[in-house]
Amino acid sequence: MEAKQQGAVGTATHDNFRLSRLSMVCYGFGDLASQFVWTFVGTYLAIFYTDVIGISAGVVSVLMLVARVIDFLFDPMIGSIAERTKSRWGRFRPYILFGSPILGIFTVLVFAVPFGNGLAGETWAVIAYMICGLAYSAVNIPYGSLSAVMTDDVFDRASLNSWRSVGQNVGMIVVNSLSSLMILYFSNGAKNPTFGGYLITALIFAIISIPLFLAVFFTSKEVIQPIAGVEQKVKLKDTIKNIFANKYLMILSIMMIVQMTGFMGRIAVTTFYIIYCLGAFTLIAILMTIPSIGGAIAALFVPWITKKFGKRNALAVSLVLQGIGLIVVWLAPFDNLPMVIAGTIIFGIFNVGYPITLSMVSDCVDYQELKTNIRTDGTAFAAYSLATKIGTALGGALGVGLIGLVGYVPNARQSLSTMHGINLIVNFIPGVMFVICGIFMFVFYKLTDHVVDQIRIRLNEEMRGEAD
């Protein structure tokens, strides 16, 4: 039987290799670090550009869309390059080692904007934000790919992604609970956040992120390695062709585009809702932290939940319930903070989709390997990352653009119609999108855990046959 191929070459694995608790916990540090840079940028950059720098909402919307279009071209390339990389550290780990400092630098530079709100300032904003997004991809696509090559044990893979989700949610708790307070503190007593407040906060988070990424580098090991001596090469066009032919990866990617359009679009404009509809900048710390706390707690139960109910079912139900939580927030009057908090809690405690979908990408990779004899972990995770980036681009651009269309005026009291428009954009539209995603996955995604188990049995049988 011909050798299995890992992007460019075949794969070899260590039977019954189990991960240590240290490597699992430190793997979660990668997403913890990512939140310090990317969640902070995603949450505060739009309102920083509009309310502090003075760039119009329409220009900010275009800026975010252009940057993500560049990502659209770059992400598949970095995934393909990474899985073909040969180094003493493996294929994916070098990108974490060398890319994380660059990501930290450009996290700060997007908040620098030395040229004001004219053409020069807008050009700086586009370039800095674009490079920041590229640096994020160069670190996080290899980081995501690690989970598929650190172990082939199903439970360990689920645990890895659970710890990753814990890291994500803990990072979001820290960023969302402290950012607004830090920004105001470093604004030197000003009533409203200042340029310096945002810049110093970004610098602090960037500095913290780098050693966390390095902890992933030093504690991870790529045990699923190319087979030595196998020289068969898979052309890039064939790799891309197989990715698009992987129907379940495409279904998962479509769902992620819609989900992330709602999720990241909401993050980009939630600050507008809290400040102008609920009436207090300081409420950001509370309402942006609740979903993260709920997600962090729920992530600890993901291995048990997915084992009992299956990944597809758990994901579909959680998406629907998250959507219902956001619709509750939308229905809440602006002066009914308990109802707003209740809906936010519902949204948060069912925020378990992220670790589940990451495990499902690994399932899709196994499915592709069985069907085509080609295994492309890096490119598959690049496709997943690309889907999230497209959703992020559409969500951020549409969210900020729609805020402008409903009559938003920076640093001013909004009209009642504008406030209701902001509420619709921040809560109702994302809520409906989450519900649609849940139904879509239940109807179309047929790669259940039972089917995946059968695929892995066949792959192991074929691998043993090759070894004999």
Side-chain angles (χ1 to χ4, degrees), residues 33-57 59-61 63-64 67-68 103-113 117 121-122 124-126 128-130 132-133 135-136 168 171-188 190-209 263-278 280-292 392-393 395-397 399-401 403-404 408 410-411 422 425-426:
S34 294
Q35 305 319 307
F36 286 147
V37 292
W38 203 241
T39 291
F40 181 72
V41 170
T43 302
Y44 289 96
L45 191 62
I47 201 161
F48 169 75
Y49 281 158
T50 58
D51 286 22
V52 177
I53 304 302
I55 302 174
S56 70
V59 171
V60 174
S61 174
L63 178 158
M64 292 182 169
R68 297 288 75 79
L103 175 58
I105 290 170
F106 277 92
T107 298
V108 178
L109 290 181
V110 294
F111 288 95
V113 195
N117 60 1
E122 292 170 357
W124 171 277
V126 169
Y129 184 56
M130 178 186 70
C132 186
Y136 179 79
Q168 178 199 42
M172 293 180 73
I173 290 170
V174 174
V175 171
N176 292 328
S177 63
L178 297 182
S179 292
S180 60
L181 302 177
M182 292 170 65
I183 292 168
L184 287 175
Y185 177 80
F186 292 116
S187 296
N188 295 323
K191 182 179 179 180
N192 295 316
T194 64
F195 174 89
Y198 283 101
L199 184 63
I200 295 173
T201 303
L203 176 62
I204 292 171
F205 283 142
I207 291 172
I208 294 173
S209 72
F263 186 81
M264 294 305 297
R266 184 176 192 270
I267 285 179
V269 293
T270 297
T271 51
F272 293 83
Y273 167 76
I274 296 172
I275 294 170
Y276 294 105
C277 296
L278 303 184
F281 187 86
T282 52
L283 280 176
I284 294 174
I286 298 173
L287 294 178
M288 296 291 284
T289 302
I290 289 173
S292 302
T392 300
V400 177
I403 290 291
Y408 168 71
N411 299 307
I422 292 173
I425 296 164
V426 172

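Here the shortest heavy-atom pairing between I425 and V269 reads CG2-CG2, 4.3 Å. Taking all atoms of both residues into account, the shortest heavy-atom contact from F186 to T201 is CD1-OG1, 3.9 Å. Scanning all heavy atoms of the two residues, the minimum distance from Y198 to P193 falls at CE1-CB, 3.6 Å. The two atoms that bring T43 and M288 nearest to each other are CG2-CE, 3.6 Å, heavy atoms only. In terms of heavy atoms, L103 sits closest to C132 at CD1-O, 3.7 Å. Annotation for A206 and G104: closest pair CB-O, 3.3 Å, computed over non-hydrogen atoms.
The closest side-chain heavy-atom distance from Y273 to I284 is not below 4.5 Å. Within the 4.5 Å cutoff, the side chain of W124 has heavy atoms near those of the L109 side chain. With contacts defined as side-chain heavy-atom distances shorter than 4.5 Å, the pair M182/F205 qualifies.
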_side-chain contact (heavy atoms from CB on, under 4.5 Å) for L287 and T270? Distances and angles first, verdict last._
CA-CA 9 Å; L287 294 178; T270 297; 6.0 Å; no
*Give the intermediate values and the outcome of ring pair (Phe, Tyr, Trp, His ring centres under 6.0 Å) for residues F40 and F36.*
CA-CA 6 Å; F40 181 72; F36 286 147; over 10 Å; no
_Could you walk me through whether F272 and C277 satisfy the side-chain contact (heavy atoms from CB on, under 4.5 Å) test, starting with their C-alpha distance in whole Å, then the side-chain angles of each, then the deciding distance to 0.1 Å, before giving a yes or no?_
CA-CA 8 Å; F272 293 83; C277 296; over 6 Å; no
Can you give each donor-acceptor pair under 3.5 Å made by side-chain atoms of residues 45-56, sequence neighbours left out, with the distance rounded to 0.1 Å?
unit_1 : atom_1 : unit_2 : atom_2 : d
Y49    : OH     : V110   : O      : 2.9
T50    : OG1    : A46    : O      : 3.1
T50    : OG1    : I47    : O      : 3.4
D51    : OD1    : Y408   : OH     : 2.6
D51    : OD2    : Y276   : OH     : 2.9
D51    : OD2    : Y408   : OH     : 3.2
S56    : OG     : V59    : N      : 3.2

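Within the model, atoms CD of Q35 and CD1 of I208 stand 13.5 Å from one another, a figure rounded to the nearest 0.5 Å. The distance from the CD1 atom of I204 to the OG1 atom of T107 is 13.5 Å, given to the nearest 0.5 Å. Annotation: the span from S179 atom OG to L184 atom CG amounts to 11.0 Å, rounded to 0.5 Å.
In this structure a side-chain-to-backbone donor-acceptor pair under 3.5 Å is missing from N176 to T289. Looking only at distances, no side-chain donor or acceptor of S209 sits under 3.5 Å from a matching main-chain atom of V37. Judged purely by atom type and a 3.5 angstrom limit, T39 has no side-chain atom pairing as donor or acceptor with the backbone of M172.
Counting non-hydrogen atoms of neighbouring residues, nucleotides and ligands closer than 6.0 angstrom, the OH atom of Y185 reaches no more than 12 such neighbours.
In this structure, F106 has its ring center no closer than 6.0 Å to that of F111.
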